Each structure stands twice: as C-alpha cells, then as structure tokens.
Amino acid sequence: MTRKLKVGSFVSLDGVVENPIRIAGSCFDEEAKEYSFEALADVEFLLLGRVTYEMFAASGGER
C-alpha cells in the first residue's frame, strides 16, 4: 500500500528548527494552533524527534 508523507516543520530564516513560539512569537496564535491540530487530525502515523515526543507524551494527548 502506498502512503503519503506530509512534512510540517518550523524553520526560521537562519535555518533554526525549533519551537514555533520562539520563531513566530505572538504570530503563532490560537488560530495557528487550531490549524496545526487540524493538519494532524487525518494522519495515521506521526514521526517525532525525541524532544518533541517527550513534549507530546508529557501533555497526555490533550489539546
């Protein structure tokens, strides 16, 4: 079975990949957060790095 790979990443102009709050600051508002949740709603699998996985695990899966 062929599957699609969707990539979503937050990258600053200087190439830093990290927390969107640190990159986008106040531009990452509730609307942006909701968009991010909707983008994840239809995926079957989620590939995370260690730090992101630990953040997700600590949140208990709550929105």
Side-chain angles (χ1 to χ4, degrees):
M1 172 189 299
T2 303
R3 299 179 192 253
K4 292 181 181 180
L5 175 64
K6 293 181 182 180
V7 177
S9 183
F10 296 98
V11 182
S12 67
L13 293 175
D14 63 358
V16 175
V17 179
E18 60 181 273
N19 186 334
I21 300 302
R22 292 189 65 183
I23 293 173
S26 62
C27 296
F28 198 80
D29 58 8
E30 288 300 316
E31 183 180 353
K33 186 190 291 187
E34 189 61 32
Y35 173 81
S36 296
F37 284 128
E38 288 175 13
L40 291 173
D42 66 342
V43 299
E44 293 182 48
F45 302 98
L46 189 58
L47 177 63
L48 304 171
R50 180 186 55 82
V51 173
T52 306
Y53 170 79
E54 290 171 351
M55 290 175 14
F56 270 57
S59 74
E62 298 175 15
R63 285 176 76 171

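Worth saying up front: this structure is predicted, and the values here are computed from it rather than measured.
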Mind checking what makes side chain to side chain contact (heavy atoms under 4.5 Å, CB included) contact with [X], not counting sequence neighbours?
| X | value |
| --- | --- |
| L47 | none |
| Y35 | none |
| A39 | none |
| R50 | E54 |

Q | E31: salt bridge (charged side-chain N to carboxylate O under 4.0 Å, His left out) partners, not counting sequence neighbours | A | none
Q | Transitive ILVMFWY side-chain link Y53 to L40, under 4.5 Å | A | yes
